[in-house]
Amino acid sequence: MEKTVEETVEETVEETVEETVEKILNTIKENPKVTVRELQEITGLSRKGVEYNIDKLKKNNRIKRMGPDKGGIWKVNP
């Protein structure tokens with residue numbers, strides 16, 4: 001069965017989003033003090049794009065901020 005263009009695009013977008021999420025999680029595991037600016041450089045996303053993904057990860061309880069915004073660290077939940 002042939003895929004429609006919409007199905008192909010949707011799959012590609014889902015894969016790209018998941019790759020971005022994995023990049024962010026792996027970076028946080030390697031460097032819990034990573035900044036939004038550093039995540040921008042690593043992922044190629046805008047500041048808003050990084051913040052959107054961080055918010056989504058926090059809402060899904062995959063990451064948690066420990067300490068203040070400046071000087072705190074990220075913790076990846078198992």
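Alongside Ile42, the hydrophobic cluster contains no other residue (criterion: ILVMFWY side chains under 4.5 Å). Hydrophobic side-chain contacts under 4.5 Å tie Met66 into a cluster, directly or through other members, with Ile73.
Looking at heavy atoms from C-beta onward, Ile63 lies out of side-chain contact with Ile24 at the 4.5 angstrom threshold.
The neighbour count for Asp55 CG, taken as heavy atoms of other residues, nucleotides or ligands under 6.0 Å away, is above 12. Remark: Arg47 CZ is loosely packed, at most 12 non-hydrogen atoms of other residues, nucleotides or ligands lying under 6.0 Å away.
Put simply, OG1 on Thr27 and CD on Glu41 are 11.5 Å apart, with the number rounded to the nearest 0.5 Å. The NZ atom of Lys33 sits 11.5 Å away from the CD atom of Glu38 when rounded to the nearest 0.5 Å. Here Asn60 contributes atom CG and Asn77 contributes atom CG; the two are 11.0 Å apart, rounded to the nearest 0.5 Å. Atoms CH2 and CZ, on Trp74 and Arg62 in that order, are 14.0 Å from each other to the nearest 0.5 Å. With rounding to the nearest 0.5 angstrom, the CD atom of Glu19 is 11.5 Å from the CG atom of Asn26. Distance check: Glu22 CD to Thr20 OG1 gives 10.0 Å after rounding to the nearest 0.5 Å.
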Exercise. Output, in order, the C-alpha distance, side-chain angles, deciding distance and verdict of side chain to side chain contact (heavy atoms under 4.5 Å, CB included) for Thr43 and Asn53.
Key: CA-CA 11 Å; Thr43 61; Asn53 279 283; over 6 Å; no

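Grouping the Ile, Leu, Val, Met, Phe, Trp and Tyr side chains by contacts below 4.5 angstrom, directly or via other members, places Leu45 with Val36.
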